[in-house]
Asks: 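A single structure is presented below for examination.
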Amino acid sequence: MGVQPDEWIEYMAEEHGMIEPFVDHHVSKVGDKKIISYGLSSYGYDLRVSNKFKIFTNVNNSVVDPKGFNSSEFIDVEADECIIPPNSFALAVSVEYMRIPRDVLTLCVGKSTYARCGIIVNVTPFEPEWEGYVTLEISNTTTLPAKIYAGEGLAQIVFLKAEKSCLVSYKDRGGKYMMQKGIVTPVV
């Protein structure tokens, strides 16, 4: 039958630094306080959001342009909680630093606790040999302000291990988001 997915993730995190810092169990409480869970799960890993956010604003009547992104389109927030305005969007960064092996691709999806509140987390796949802190995209699809909790779970990573390594990895291509630190806005 082979190695269980959670055992493989734990081995890759502890022996090869795939996830740092790595939490080898599912955390849903800190002391008596319930939190949005993070850490190792059965077939993946629940990623935490840090306390750094970029919230989109329309104060300057800007147009969001991926080829000409400009800092006047957002405000920087560093806090334990982030309020995303109704029908708005924010970028954040993960607590964990990721190093994806050459024979692995990951998919990252939002946690159901947030999804059930109309908060959608979109993260593009982590390609083979990509590494860095994860820039997390958070959409508030509701007509009400939405609260995000720093240091708690925001998204789940699902690891897809290939039978063979890819011919050309993200690192081989010199990917533009390689080794990103902090929140990285669009690069063309």
Side-chain angles (χ1 to χ4, degrees), residues 4-14 17-57 74-100 104 106-126 130-160 177 179-185:
Q4 290 295 100
D6 54 350
E7 292 172 344
W8 177 84
I9 294 166
E10 186 169 12
Y11 168 77
M12 291 303 293
E14 292 178 348
M18 185 172 73
I19 304 169
E20 290 185 44
F22 176 70
V23 179
D24 66 357
H25 58 284
H26 188 253
V27 178
S28 60
K29 283 176 81 173
V30 175
D32 291 336
K33 181 182 169 190
K34 289 184 180 182
I35 63 167
I36 299 171
S37 62
Y38 64 86
L40 185 63
S41 61
S42 303
Y43 281 87
Y45 189 86
D46 289 357
L47 199 65
R48 291 172 287 174
V49 62
S50 80
N51 66 344
K52 293 176 178 66
F53 302 88
K54 289 185 182 295
I55 303 171
F56 281 72
T57 178
F74 56 82
I75 58 169
D76 291 315
V77 172
E78 190 167 332
D80 291 336
E81 297 174 354
C82 176
I83 304 296
I84 302 174
N87 300 306
S88 193
F89 180 80
L91 294 175
V93 66
S94 65
V95 168
E96 292 85 357
Y97 189 89
M98 305 295 299
R99 289 179 189 87
I100 305 304
V104 171
T106 74
L107 300 177
C108 193
V109 295
K111 292 186 59 72
S112 64
T113 300
Y114 280 119
R116 292 164 197 240
C117 295
I119 300 166
I120 307 302
V121 178
N122 179 49
V123 180
T124 56
F126 310 160
W130 172 82
E131 76 171 85
Y133 288 96
V134 180
T135 296
L136 302 158
E137 301 91 15
I138 309 164
S139 293
N140 175 6
T141 64
T142 74
T143 57
L144 302 170
K147 188 183 288 189
I148 305 298
Y149 294 91
E152 297 187 21
L154 183 72
Q156 183 179 44
I157 305 167
V158 177
F159 297 85
L160 305 171
Y177 299 111
M179 301 178 84
Q180 63 189 17
K181 293 178 174 54
I183 300 169
V184 178
T185 57

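We use all heavy atoms of the structure for the numbers below, so side chains are in, but hydrogens, waters and symmetry mates are not. No experiment lies behind these values; they were computed from the predicted model shown.
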Asks: Measuring from atom OH of Tyr38 to atom CD of Gln156, what distance do you get when rounded to the nearest 0.5 angstrom?
Replies: 15.5 Å

Asks: Please check this pair: side chain of Thr135 against backbone of Val184, looking for a donor-acceptor N/O pair closer than 3.5 Å.
Replies: yes

Asks: Taking all non-hydrogen atoms of both residues, which atom of Ser41 and which atom of Asp6 are closest, and how far apart?
Replies: O-CB, 3.6 Å

Asks: Could you give the distance from OG (Ser50) to CG (Asp80), rounded to the nearest 0.5 Å?
Replies: 10.5 Å

Asks: Looking only at non-hydrogen atoms, find the nearest pair between Pro145 and Pro86 and report the distance.
Replies: N-CG, 3.8 Å

Asks: Does any part of the side chain of Arg48, heavy atoms only, come nearer than 4.5 Å to the side chain of Val23, both counted from C-beta?
Replies: yes

Asks: Taking the side chain as C-beta and beyond, is there a heavy-atom pair between Tyr114 and Val49 under 4.5 Å?
Replies: no

Asks: Between Asn140 (side chain) and Ser88 (backbone), is there a donor-acceptor pair under 3.5 Å?
Replies: no

Asks: When the ring centroid of Tyr45 is compared with that of Phe22, is the distance short of 6.0 Å?
Replies: yes

Asks: Taking the side chain as C-beta and beyond, is there a heavy-atom pair between Lys111 and Ser37 under 4.5 Å?
Replies: yes

Asks: Got Glu96 and Ile157 here, is their nearest side-chain heavy-atom distance under 4.5 Å?
Replies: no

Asks: Could you tell me which non-hydrogen atom of Gly118 sits nearest to which non-hydrogen atom of Thr142, and how far apart they are?
Replies: CA-CG2, 3.8 Å

Asks: At what distance, to the nearest 0.5 angstrom, does CD1 of Ile119 lie from OG1 of Thr141?
Replies: 8.0 Å

Asks: Would you confirm whether Trp130, through its side chain, and Tyr177, through its main-chain N or O, come within 3.5 Å as a donor-acceptor pair?
Replies: yes

Asks: Taking the side chain from Thr57 and the backbone from Ile75, do they hold a donor-acceptor pair closer than 3.5 Å?
Replies: no

Asks: Begin with the C-alpha distance, continue with both residues' side-chain angles, and end with the deciding distance and a verdict on side-chain contact (heavy atoms from CB on, under 4.5 Å) for Phe126 and Val134.
Replies: CA-CA 9 Å; Phe126 310 160; Val134 180; 3.4 Å; yes

Asks: Are Asp24 and Glu14 packed together at the side-chain level, in the sense that at least one heavy-atom pair is separated by less than 4.5 angstrom?
Replies: yes

Asks: I want to check something: taking the side chain as every heavy atom from C-beta on, are His25 and Leu40 in contact at a cut-off of under 4.5 Å?
Replies: no

Asks: Would you check if Met18 and Ile9 make a side-chain contact, meaning some heavy-atom pair closer than 4.5 Å?
Replies: yes

Asks: Have a look at Leu47 and tell me which of Val121, Val95, Val123, Leu136 forms a side chain to side chain contact (heavy atoms under 4.5 Å, CB included) with it.
Replies: Leu136

Asks: Could you tell me the separation between the CD atom of Glu20 and the OH atom of Tyr133, rounded to the nearest 0.5 Å?
Replies: 8.5 Å

Asks: Starting at CD1 of Ile148, measure out to CD1 of Ile84 and round the result to the nearest 0.5 Å.
Replies: 4.0 Å

Asks: What distance do Phe53 atom CZ and Leu91 atom CG have between them, rounded to the nearest 0.5 Å?
Replies: 11.0 Å

Asks: When you measure from the side chain of Glu152 to the backbone of Ile36, do you find a donor-acceptor pair of N or O atoms at a distance under 3.5 Å?
Replies: yes

